[in-house]
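Worksheet: one structure, shown below.
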2 protein chains.
Amino acid sequence: MSPVIAEVQWLSDEEQATWRAFNLASRIVDGALDRQLMRDADMGHAHYAVLVALSEASDYQARMGDLADLLEYSPSRLSHAVRKMEANGWIERRQCPTDGRGQIAILTDLGRQTIEQAAPGHVNEVRRVVLGPLSASQQEQLRDICETLILRVQNQTT
Amino acid sequence: MSPVIAEVQWLSDEEQATWRAFNLASRIVDGALDRQLMRDADMGHAHYAVLVALSEASDYQARMGDLADLLEYSPSRLSHAVRKMEANGWIERRQCPTDGRGQIAILTDLGRQTIEQAAPGHVNEVRRVVLGPLSASQQEQLRDICETLILRVQNQTT
DNA sequence: GGTAAATATTTGAACGTTCAACATAATACC
DNA sequence: GGTATTATGTTGAACGTTCAAATATTTACC
């Protein structure tokens, strides 16, 4: 089942600490944001991201596939999310006129109101939990580091 | 429902980029680790962490509460996870002798074998996805940053 | 133009996590 | 010592995500 294990370079204490800190920080931050949004706006922050993306799109609409690429969501994740948000009245779906397979997600007025109300609390929480504790240079470092990670993973054969 | 919104200091472009990069990197890394473990060892990395914690504990055992604190898991998350892993034969549960409420989770031989087989692949993936792309000083920065975030959130009223 | 391959999206089942409710045992208090 | 309170852990329901399968439409190819 598992290949004969070849070379493994075990993690040093520092490496392990780095990895665990990153892992824990991710989890804590994600949880905090989710709880804040759930408490104040009745949605998780995965749904919030969809609303933001649509509110930034021209005419408040986008094709499912483009939206999924933009957010780096799996098609099915987005589909489920949009179905839920459609039920909430935040989004509508229409057939794409130029491609019969395509579906277009459109932010409704209610959706726009919803995100406008949710945004301030969310931004405050991002500040409280992520940006606030970090110095300007740490923010720069973090951005650099994370962009490095993102590029590396995306340009590799997973 | 929502409080009258007070001051919001919207995110600058740099802040937004930092936050989005962190968020995406977290998601990508987490996903990569999960998929690798699922593929090679039939468990998510939340379960992996439980096995690691137990394998590092004296006598390969720990009380549920201590384990949950150590991993920063909610009691119920741990309970569900352990139930699943008990079904796999990786963990056993016993009553705590000194406290009738307590339960002790014990790593079985099979559990030990399982993690020994899973560890190399996991470590390689951590290297590939997180540590590898970063320079030594970036690793130091990342650790610093994440530890800052962790401390800050934990010492605040959530 | 018709068949095969590729693309876009949805669906349902399985799984993990959260939250609230519950059971049980230990501690505090009088 | 008996009752209220607090601590430990588990349970079940709800929800979001993943994966594999299905459907429908478009593109490529001959």
Side-chain angles (χ1 to χ4, degrees), chain A residues 23 26-28 30-39 41-51 61-88 91-106 158, chain B residues 23 26-28 30-39 41-51 61-88 91-106 158:
Chain A
N23 203 25
S26 300
R27 204 147 47 77
I28 287 178
D30 203 62
L33 267 292
D34 254 358
R35 270 189 300 279
Q36 181 273 320
L37 277 170
M38 198 60 85
R39 183 166 15 90
D42 257 294
M43 71 179 101
H45 103 254
H47 285 187
Y48 181 85
V50 175
L51 293 186
Q61 61 182 46
R63 278 191 58 167
M64 294 297 279
D66 297 345
L67 206 48
D69 287 350
L70 182 67
L71 294 165
E72 319 230 19
Y73 282 11
S74 73
S76 110
R77 179 184 189 180
L78 181 63
S79 186
H80 285 303
V82 168
R83 180 163 45 72
K84 178 93 203 309
M85 298 169 95
E86 195 173 21
N88 289 349
I91 289 182
E92 278 173 11
R93 267 147 151 172
R94 277 190 214 141
Q95 276 266 350
C96 176
T98 74
D99 184 336
R101 299 165 297 184
Q103 290 286 115
I104 297 183
I106 310 174
T158 310
Chain B
N23 203 26
S26 300
R27 205 146 47 77
I28 286 179
D30 203 61
L33 268 293
D34 254 359
R35 270 190 302 278
Q36 180 275 321
L37 278 169
M38 198 59 85
R39 182 166 15 90
D42 258 295
M43 70 178 101
H45 103 254
H47 285 186
Y48 181 86
V50 174
L51 292 186
Q61 60 181 45
R63 279 191 59 166
M64 294 297 279
D66 296 344
L67 207 47
D69 287 351
L70 182 64
L71 294 165
E72 319 230 20
Y73 283 11
S74 72
S76 111
R77 178 184 189 180
L78 183 63
S79 188
H80 285 303
V82 168
R83 179 162 46 71
K84 177 93 203 310
M85 300 169 95
E86 194 174 22
N88 290 349
I91 289 181
E92 279 174 10
R93 267 147 151 170
R94 278 193 213 136
Q95 276 266 351
C96 176
T98 73
D99 184 335
R101 298 166 297 182
Q103 290 285 112
I104 297 182
I106 309 174
T158 309

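Side chains are part of it too, since the values below use all heavy atoms of this structure and drop only hydrogens, waters and symmetry mates. Letters go in sequence order (proteins before strands), and every chain restarts at 1.
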Interatomic distance where CZ belongs to A:R101 and C1' belongs to C:dA8 [whole Å]: 6 Å

Which nucleotide in C:dA8, C:dG16, D:dT17 has an atom nearest any side-chain atom of B:K84: C:dG16

Any side-chain donor near an acceptor of the partner, B:H47 and B:N88, under 3.5 Å: no

A:M64 side-chain proximity, nearest of C:dT9, D:dT10, C:dG16: C:dT9

Atom-to-atom span, CE of B:M38 to P of C:dA14 - whole angstrom: 15 Å

Test item: A:V50 and A:I91 side chains (from C-beta on) under 4.5 Å apart, heavy atoms: yes

Between P of C:dT7 and CG of A:D99, the distance in whole Å: 12 Å

Under-4.0 Å side-chain N/O to phosphate OP1/OP2 contact, B:R63 with D:dG9: yes

Reference residue B:H80; test side-chain hydrogen bond (donor to acceptor under 3.5 Å, both in side chains); the match among B:R83, B:K84, B:R77: B:R83

Contact under 4.0 Å: A:R93 side-chain N or O vs C:dT10 OP1/OP2: yes

Sugar-phosphate, base or nothing in reach of B:A81, heavy atoms under 4.0 Å: nothing

Length of the CZ-C1' vector between A:R94 and C:dT10, whole Å: 20 Å

Electrostatic pair A:R27-B:D30, nearest N-O below 4.0 angstrom: no

Minimum-distance pair of heavy atoms, taken over all atoms of A:A105 and A:M64: CB-SD, 4.1 Å

A:I104 to A:P97 - nearest heavy-atom pair and separation: CD1-CD, 4.0 Å

Nearest-Å distance for atom pair CZ/C1', residues B:R39 and D:dA20: 17 Å

For atom NE2 of A:H45 and atom P of D:dT17, their distance in whole Å: 10 Å

Whole-Å gap separating C1' (C:dT7) and CD (A:Q103): 14 Å

Distance, rounded to the nearest Å, where B:R35 contributes CZ and C:dC15 contributes C1': 16 Å

Side chain to side chain contact (heavy atoms under 4.5 Å, CB included) evaluation trace for A:V82 with A:L78: CA-CA 6 Å; A:V82 168; A:L78 181 63; 3.9 Å; yes

Positions of residues 66-80 of chain B (non-hydrogen atom under 4.0 Å from DNA chain C), listed by number: B:S74, B:S76, B:R77, B:H80

